[in-house]
Undergrad: 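My questions will all concern the structure given below.
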Amino acid sequence: MGRITRAEMIQYLKLYFIFGSQNTTQLPEQVVKEAIAGGITLFQYREKGEGSKAGAEKEELARKLQEICRQNGIPFIVNDDIDLAVQLNADGLHIGQEDIGAKEARKMMGDKILGVSAYTIDEGLEAAEDGADYLGLGPIYATGSKDDAAEETGPQVITLFRKMGIKTPIVGIGGIYEDNIDEVMKSGSDGISIISAIASAPSPFESARNLKKRIENYL
Ligand SMILES: Cc1ncsc1CCOP(=O)(O)O
Ligand SMILES: C=C1C=NC(C)=NC1=N
Ligand SMILES: [Mg+2]
């Protein structure tokens, strides 16, 4: 099998839905099914913050959402929780700077997809060194979905990473919705990752479909 190629990773990053039960008042399985039907290309289970599940409940929902992704050929990524990722044999793991180190995570995840959040150039360079398959940069714009989010960077941070010669696939995150996709992609991002623009939409299906239409200009 081996590590995912850069080209494959970039395709998966086009419309990356990130979600946990705390992001909706609807049935979580229904939201994920609609997002997939709308055309998301990658899914991350991020059960975190106020109102999120833990322990057996979290694992049970993870398994349900993993099965929905498997049935639809969408890779299933787990956020933060490497033990859960390993236990479920998830397709990948996403870690932040305060989680387990990328080197350690790469050892435990083998050739699975490993994504790392980076805020500074040094964090980005280090993560790439340590075997990250993609970097999550942001918050690009103001976000209400991460209670400890750093100051928004604006899309220029992506351009800066590119200017510094960072070739690792990049996905922008934070406050992204239909009207600012173009700015994020024109700044050099390989895709967009989204929570509320899909999860909080009246129709997650419609929203994902509209976002997919916009991102198709960059496929
Ligand atoms: C997990 C995360 N990391 C940086 S911003 C963010 C939340 C993004 O959520 P939204 O798409 O609703 O702004
Ligand atoms: C914090 C994050 C940053 N980027 C991505 C892709 N996922 C996250 N959970
Ligand atoms: Mg984290």
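Predicted model, so just to flag it, every value in this text is computed and none were measured. Note that ligands are numbered from 1 as they come in the structure, with each ligand's atoms numbered from 1 the same way.
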Undergrad: Between Glu60 and Lys64, is there a side-chain N and carboxylate O pair less than 4.0 Å apart?
TA: yes
Undergrad: Look at Asp91 together with Lys112 and state whether they make a salt bridge at an N to O cut-off of under 4.0 Å.
TA: no
Undergrad: Check if Ser117 has a non-hydrogen atom at a distance under 4.0 Å from any atom of ligand 2.
TA: yes
Undergrad: Ion pair present between Lys58 and Asp81, side-chain N to carboxylate O less than 4.0 angstrom?
TA: yes
Undergrad: Could you check Glu67, Glu59, Gln66 and say which one makes a side-chain hydrogen bond (donor to acceptor under 3.5 Å, both in side chains) with Arg63?
TA: Glu59
Undergrad: Could you check Glu47 against Tyr45 for side chain to side chain donor-acceptor pair (under 3.5 Å), going step by step and ending with a plain yes or no?
TA: CA-CA 6 Å; Glu47 193 69 22; Tyr45 179 55; 3.2 Å; yes
Undergrad: Which atoms of ligand 1 sit under 4.0 Å from any heavy atom of Ser196?
TA: 10 (P), 11 (O), 12 (O)
Undergrad: Show me which atoms of ligand 1 lie under 4.0 Å from any heavy atom of Arg46.
TA: 1 (C)
Undergrad: Have a look at Lys146, Gln97, His94 and point out the one with the heavy atom closest to atom 4 (N) of ligand 2.
TA: His94
Undergrad: Indicate yes or no: does an N/O atom of Ser145 lie under 3.5 Å from an N/O atom of ligand 1?
TA: yes
Undergrad: What atoms in ligand 2 come closer than 4.0 Å to a heavy atom of Ile18?
TA: 5 (C), 6 (C), 7 (N)
Undergrad: Would you mind checking which non-hydrogen protein atom is closest to atom 9 (N) of ligand 2, with the distance to 0.1 Å?
TA: Gln44 OE1, 2.9 Å
Undergrad: Are any of the side-chain nitrogens in Glu104 or Lys107 under 4.0 Å away from the carboxylate oxygens of its partner?
TA: yes
Undergrad: Given Asn23, Ile18, Thr143, identify the one with the heavy atom nearest to atom 8 (C) of ligand 1.
TA: Thr143
Undergrad: Using the Mg ion (ligand 3) as the vertex, how large is the angle between OD1 of Asp80 and OD2 of Asp99, rounded to 10 degrees?
TA: 90°
Undergrad: What residue and atom, counting heavy atoms only, is the protein's closest point to atom 11 (O) of ligand 1, and at what distance?
TA: Ile195 N, 2.9 Å
Undergrad: Within ligand 1, which atoms have a heavy atom of Lys146 less than 4.0 Å away?
TA: 2 (C), 3 (N), 4 (C), 6 (C)
Undergrad: Please confirm whether Ala197 approaches ligand 1 to less than 4.0 Å, judged on its heavy atoms.
TA: no
